[in-house]
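Have a look at the structure below, then the notes.
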Amino acid sequence: QVQLVESGGGLVQAGGSLKLSCAVSGITFRGYAMAWYRQAPGKQRELVADIKQSGSTKYADSVKGRFTISRDNAKNTAYLQMNSLKPEDTAVYYCNAGDYTRGVYLSLRYWGQGTQVTVSS
């Protein structure tokens, strides 16, 4: 059974930091690109950051310079370090494991259940 379990969310003041974790089981972790998405109330889910099997990363413009995505293949875990948090970062954050091959995503195959991040002003 494939599982992606997010943790590390919570309540933080603006300017603070949180580190999210996504523990993955049931798949060959190193064979997937990992990504973090978020969804705020009344808004569509948006891509925050991803990290390919190679370690290459990409970030949404809104989080560049503040967030860092990483992965530890030995621990089958992806991370999202979030610094300088803003109230507009408030959302449910979802972990994703996707099929990325030869420069394109073929499928956003597996999703975690989400973890709430709330940033107070």
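As the structure is a prediction and not an experimental result, all values here were calculated from the model.
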Run the side chain to side chain contact (heavy atoms under 4.5 Å, CB included) test on F29 and R71 for me, step by step, so that the C-alpha distance in whole Å, both residues' side-chain angles and the decisive distance to 0.1 Å come before the verdict. CA-CA 10 Å; F29 179 79; R71 64 191 295 158; 3.5 Å; yes
If the condition is side chain to side chain donor-acceptor pair (under 3.5 Å), which residues does Q116 pass it with, not counting sequence neighbours? T118
Common cluster, I51/V48, ILVMFWY with side-chain heavy-atom separation under 4.5 Å: yes
Non-neighbouring partners of Q81 that pass side chain to side chain donor-acceptor pair (under 3.5 Å), sequence neighbours left out: N83
Residues pairing under disulfide (SG to SG under 2.5 Å) where one sits in residues 50-81, two or more places apart or in two chains, turn out to be none
V2, W36: one ILVMFWY side-chain cluster at the under-4.5 Å cut-off? yes
Partners of Y94 by ring-ring contact (aromatic ring centres under 6.0 Å, His included), sequence neighbours excluded? none
Side-chain heavy atoms nearer than 4.5 Å, only ILVMFWY residues, links allowed to pass through others: does that put V117 and V92 together? no
Distance check, rounded to the nearest 0.5 Å: M82 atom CE versus K19 atom NZ? 11.5 Å
On a heavy-atom basis, the closest approach of Y59 and A49 is CD2-CB, 3.5 Å
Which pairs pass disulfide (SG to SG under 2.5 Å) with one or both residues in residues 11-76, sequence neighbours excluded? C22-C95
Could you work out, with side chain to side chain contact (heavy atoms under 4.5 Å, CB included) as the rule, every residue matching D99, not counting sequence neighbours? Y32, L106, S107, R109
Only counting residues at least two apart or in another chain, list the ones meeting side chain to side chain contact (heavy atoms under 4.5 Å, CB included) with N96. A35, Y37, L108, W111
Determine the minimum heavy-atom distance between S84 and S17, stating which atoms define it. N-OG, 4.3 Å
Can you name the residues that form a side chain to side chain donor-acceptor pair (under 3.5 Å) with E88, not counting sequence neighbours? none
Taking every heavy atom of I27 against every heavy atom of A97, the minimum-distance pair comes out as CD1-CB, 4.0 Å
Distance from F67 atom CZ to L20 atom CG, nearest 0.5 Å? 8.0 Å
Sequence neighbours left out, what passes side chain to side chain contact (heavy atoms under 4.5 Å, CB included) with V12? Give chain and number order. L18, L85, V119
Output yes when a side-chain donor or acceptor of Y79 lies under 3.5 Å from a complementary backbone atom of T68, and no otherwise. no
Give me each pair satisfying salt bridge (charged side-chain N to carboxylate O under 4.0 Å, His left out) with a member in residues 52-62, each pair once, sequence neighbours excluded. D50-K52, D61-K64
State which residues pass side chain to side chain contact (heavy atoms under 4.5 Å, CB included) with S25; sequence neighbours excluded, sorted by chain then number. Q3
Mark yes or no for whether E6, through its side chain, and Q113, through its backbone, hold a donor-acceptor pair below 3.5 Å. yes
With sequence neighbours excluded, give me every salt bridge (charged side-chain N to carboxylate O under 4.0 Å, His left out) pair touching residues 25-46. R38-E46, R38-D89
Can you give me the closest heavy-atom contact between A40 and A91, atom names plus distance? N-CB, 3.8 Å
Does the side chain of V24 reach to within under 4.5 Å of the side chain of M34, using non-hydrogen atoms? yes
Working to the nearest 0.5 Å, report the span between NZ of K86 and OG of S121. 14.0 Å
Give a yes or no on whether the backbone of G31 and the side-chain of Q53 come within a donor-acceptor separation of less than 3.5 Å. yes
